Visitor: 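Following this message is one structure expressed as structure tokens.
Computed from a predicted model, the values in this text were never measured in an experiment. Each chain gets a letter, A, B and so on, in the order its sequence line appears, and its residues count up from 1.
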Amino acid sequence: MTETNKTAIKLYNTKTRKKEAFEPIDAENVRMYVCGPTVYDRAHIGNARPVIVFDTLYRLLRHVYGEEHVTYVRNFTDVDDKINAKAAESGRTIGEITEETIAWYLEDMAAVGALEPTKMPRATNYIAQMIEMIEALIAKGHAYAAEGHALFRVRSYEKYGVLSGRDVDDMIAGARVEVAPYKEDPMDFVLWKPSSDDQPGWESPWGRGRPGWHIECSAMAKALLGDVFDIHGGGLDLQFPHHEDEIAQSCCANGTDEMAKVWMHNEMLQVEGKKMSKSLGNFFTVRDLLEQGVPGEVIRFVFLSTHYRKPMDWTEKKREEAEKTLTKWKALTSALYDGAARSVAKTPVPTVIIEALADDLNTALALAEMHKLAKDAKHSEEACIQLAVSMAFLEIEWSSPWQSNFGSSLEKILGDPAQLEPYERLLSDEREKAMTTKDFSKVDQIKSALLSSGLEVRMSKAGVELDVTPDFDPSKLEGLL
RNA sequence: GGCGAGUUGGCGGAGUGGUUACGCAGCGGAUUGCAAAUCCGUGUACAGGAGUUCGAUUCUCCUACUCGCCUCCA
């Protein structure tokens, strides 16, 4: 494959505040690092945003450079005071908590259609690399040990603040920095901190302790992707201080100019117009939604419908619209002829879709293009296949319709969906009679009874069709036959 | 206080220096015993002010408002 026929990807680089043409350092191995979760609890809905955003980018990169030529690393932070607190309050071990939470996380992210990254390192497996990096920083004068801590000397790195556009002196003026007696300067941040006997700890040149959060990502990224790699992603809230600190640590320890060529940040998520928070009562997890019966694909669709660099609002209305749209699309694509899977597999992803995604991940535009395809799909098999291909690319199931969604609950209630047949026949027969007598009163009566039980009633020349809706209550049908 | 992002039609949400976003809702029509579903068609917009320009929703500046980060919340 030559460079010339590769899709040109443009990405907004936080570092330069511009949309730039993406040029991988090595097209044979495109490398991306995304900050993963601290594993102490279920992922909330906001946690899903970076996962879905960078999953889309991962898919695009694989599409352009080949599946074997993209390395995507997303870490698990499995040593953290929140985890310790959770363990203490639940009486369980830290290991139990992190194992369980990691399993939950993978389950929930798979449910919203995210591929697993190539590598998912756990911080506790990289303690040696962290210590090594801290030692290098101390040796170079970028860090110092004090009272069982190791601290990064922020003033020693003149580019500190460049990523987030902050000035060290301004930040101190803001006075929101933790002042500690062992710090040379209030801005200095922790690389290593001492652990008490009941806290997880590792032996180190500075005594038994545990790493600071920022050093974890620096060490894991270096170990798995090298000193300089292509893309570093994460939520906007991580831009400062986390990413700023990562850059300072990595560049100083590795003696490089930069840590990643492109820095990408997704905007934050709100719920019904407000910041999600437990006190506002609008806090919920991905699992909560799934348990309420919101398909993972709907969650994914809602996220994709807003550009990643814009604040996104999760609302009930969007959820409903997404469900409606997907139901429609799935009805179209699943009605393709038998053997369509082969055509779909052979058909390339439509250029308009790839181009939209290649333009700084314009997922909303890609969905708009799919809406257009859906419109044409009503008359054109080719458009319908293209829609299916596009859906497949975005990890949306196209080959089966969505009534099965309700079907499963129907089966629970009725035992067998075929039990609707007698009602269909009843209505159909009465309707035929009425067609000749012109007296529709009985038909209307049956129809409204069916409707009020939560069934959908469709009458056409072809006959009568009944479908269940989520509100279906079979007990209301009693006595009708 | 510091830094940053944003403000597009009823709602959601792209985009562009002069030309259709797209979806939902609405409206009109077809179809229907009536509906639903479906199909066809269709209106409404670029926060306010100033500037640059032949021309700005799109560039610049100011104002207002919203939001985020500065606290190991993605």
Visitor: Measure the spacing between CH2 of A:Trp398 and OG of A:Ser390 and express it to the nearest 0.5 Å.
Guide: 12.0 Å
Visitor: If you look at every strand shown and take non-hydrogen atoms under 4.0 Å, does A:Gln270 touch a base, only sugar-phosphate, or nothing?
Guide: sugar-phosphate
Visitor: According to a strict under-4.0 Å criterion, is A:Lys310 in side-chain N/O contact with OP1 or OP2 of B:rA14?
Guide: yes
Visitor: Could you let me know what B:rA25 is paired to, Watson-Crick or G-U wobble, both distances under 3.5 Å, or none if it's on its own?
Guide: none
Visitor: Is there side-chain contact between A:Leu163 and A:Trp263, with heavy atoms separated by less than 4.5 Å?
Guide: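 Side-chain contact under 4.5 Å: yes.
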Visitor: Looking at A:Lys193, does any N or O in its side chain come under 4.0 Å of the phosphate oxygens OP1/OP2 on B:rC72?
Guide: no
Visitor: To the nearest Å, how far apart are A:Asp313 CG and B:rC11 C1'?
Guide: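 Those two atoms, CG and C1', are 12 Å apart.
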Visitor: Evaluate the side-chain hydrogen bond (donor to acceptor under 3.5 Å, both in side chains) criterion for residues A:Ser250 and A:Ser218: first the C-alpha distance (whole Å), next the side-chain angles of each, then the deciding distance (0.1 Å), finally the verdict.
Guide: CA-CA 6 Å; A:Ser250 293; A:Ser218 283; 3.0 Å; yes
Visitor: Specify the separation, in whole Å, of atom CZ of A:Arg49 and atom P of B:rG68.
Guide: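 Rounding to the nearest Å, CZ of A:Arg49 and P of B:rG68 are 13 Å apart.
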Visitor: Just how far, in rounded Å, is P of B:rA5 from CG of A:Asn266?
Guide: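 Rounding to the nearest Å, CG of A:Asn266 and P of B:rA5 are 16 Å apart.
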Visitor: Provide the distance between the two P atoms, one in B:rC39 and one in B:rU57, to the nearest whole Å.
Guide: 36 Å
Visitor: Can you tell me how far apart CG (A:Leu367) and CE (A:Met391) are? Round to the nearest 0.5 Å.
Guide: 10.5 Å
Visitor: Please check this pair: side chain of A:Asp108 against backbone of A:Val286, looking for a donor-acceptor N/O pair closer than 3.5 Å.
Guide: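 Not confirmed, A:Asp108 side chain does not pair with A:Val286 backbone.
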Visitor: Could you work out the separation of B:rG2 and B:rG26 based on their P atoms and round it to a whole Å?
Guide: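 Approximately 48 Å lies between the P atom of B:rG2 and that of B:rG26.
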Visitor: Using the C1' atom in both, what is the distance from B:rU42 to B:rG4, to the nearest Å?
Guide: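 Pairwise C1' distance, B:rU42 against B:rG4, rounds to 42 Å.
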Visitor: Identify whether any heavy atom of A:Leu269 sits under 4.0 Å from a base atom; if not, whether one sits that close to sugar-phosphate; answer base, sugar-phosphate or nothing.
Guide: base
Visitor: Rounded to whole angstrom, note down the P distance from B:rC27 over to B:rG68.
Guide: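 It works out to 37 Å between them.
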Visitor: What distance, rounded to whole Å, do you find between the two P atoms, one in B:rU8 and one in B:rC67?
Guide: 14 Å
Visitor: Is any side-chain nitrogen or oxygen of A:Lys447 closer than 4.0 Å to OP1 or OP2 of B:rG33?
Guide: no
Visitor: Taking pairing as Watson-Crick or G-U wobble with both contacts under 3.5 Å, can you name the mate of B:rU38, or confirm there isn't one?
Guide: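 Because both required distances fall under 3.5 Å, B:rU38 counts as paired with B:rA30.
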Visitor: Can you check the distance between B:rC11 and B:rC3, where both ends of the measurement are the C1' atom (answer in whole Å)?
Guide: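 It comes out at 32 Å once rounded to the nearest Å.
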Visitor: Would you call the rings of A:Trp329 and A:His371 parallel, tilted or perpendicular if under 30° counts as parallel and over 60° as perpendicular?
Guide: perpendicular
Visitor: Going by the side-chain contact (heavy atoms from CB on, under 4.5 Å) test, name the single residue among A:Glu432, A:Lys433, A:Glu430, A:Met435 that passes it with A:Val443.
Guide: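 For A:Val443, the side-chain contact (heavy atoms from CB on, under 4.5 Å) check succeeds only for A:Glu430.
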Visitor: In whole Å, what separates the C1' atom of B:rU32 from that of B:rU38?
Guide: 11 Å
Visitor: Check every strand shown and say whether A:Val190 touches a base, only sugar-phosphate, or nothing at a heavy-atom separation below 4.0 Å.
Guide: nothing
Visitor: Below 4.0 angstrom from OP1 or OP2 of B:rG13, is there any side-chain N or O of A:Thr306?
Guide: yes
Visitor: If you take any heavy atom closer than 4.0 Å to RNA chain B, which residues from residues 350-358 of chain A end up in contact?
Guide: none
Visitor: Can you figure out which of B:rC72, B:rG33, B:rG23 approaches the side chain of A:Arg431 most closely?
Guide: B:rG33
Visitor: Any side-chain to backbone donor/acceptor pair from A:Asp230 onto A:Arg31? Under 3.5 Å, distance only.
Guide: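 Flag set: sc A:Asp230 to bb A:Arg31 pair under 3.5 Å.
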Visitor: Between protein and nucleotides 36-43 of chain B, map the contacts as a letter string: B base, S sugar-phosphate only, - none, heavy atoms under 4.0 Å, written 5' to 3'.
Guide: B--SS---
Visitor: Is the closest side-chain donor-acceptor distance between A:Asn13 and A:Glu20 under 3.5 Å?
Guide: yes
Visitor: Say you pick atom P in B:rA47 and the same atom in B:rG41; how far apart are they, in whole Å?
Guide: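 Comparing P positions in B:rA47 and B:rG41 gives a spacing of 30 Å.
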Visitor: By nearest atom, which of the nucleotides B:rG13, B:rA74, B:rC72 is closest to the A:Asp237 side chain?
Guide: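 That would be B:rA74.
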Visitor: Would you classify A:His214 as touching base, sugar-phosphate or nothing, given that sugar-phosphate means primed atoms plus P, OP1 and OP2, and contacts are heavy atoms under 4.0 Å?
Guide: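 No contact.
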Visitor: Looking at side-chain heavy atoms only, is the closest gap between A:Ile396 and A:Lys330 below 4.5 Å?
Guide: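 Answer yes - side chains close enough.
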Visitor: Counting Watson-Crick and G-U wobble pairs only, both distances under 3.5 Å, name the nucleotide matched with B:rG68, or none.
Guide: B:rC3
Visitor: Could you state the atom-to-atom distance from CD of A:Glu321 to P of B:rG10 in whole Å?
Guide: 16 Å
Visitor: Rounded to the Å, how far apart are A:Glu216 CD and B:rA74 P?
Guide: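 Interatomic distance, CD of A:Glu216 to P of B:rA74: 13 Å.
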Visitor: Is the shortest heavy-atom distance from the side chain of A:Tyr105 to the side chain of A:Val51 under 4.5 Å?
Guide: yes
Visitor: Tell me the interatomic distance from A:Asn362, atom CG, to B:rU16, atom C1', rounded to whole angstroms.
Guide: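 About 13 Å, once rounded to whole Å.
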Visitor: Any side-chain donor-acceptor pair under 3.5 Å between A:Tyr160 and A:Asp245?
Guide: yes
Visitor: Between B:rC22, B:rA25, B:rC34, which nucleotide has the shortest distance from any of its atoms to the side chain of A:Lys324?
Guide: B:rA25
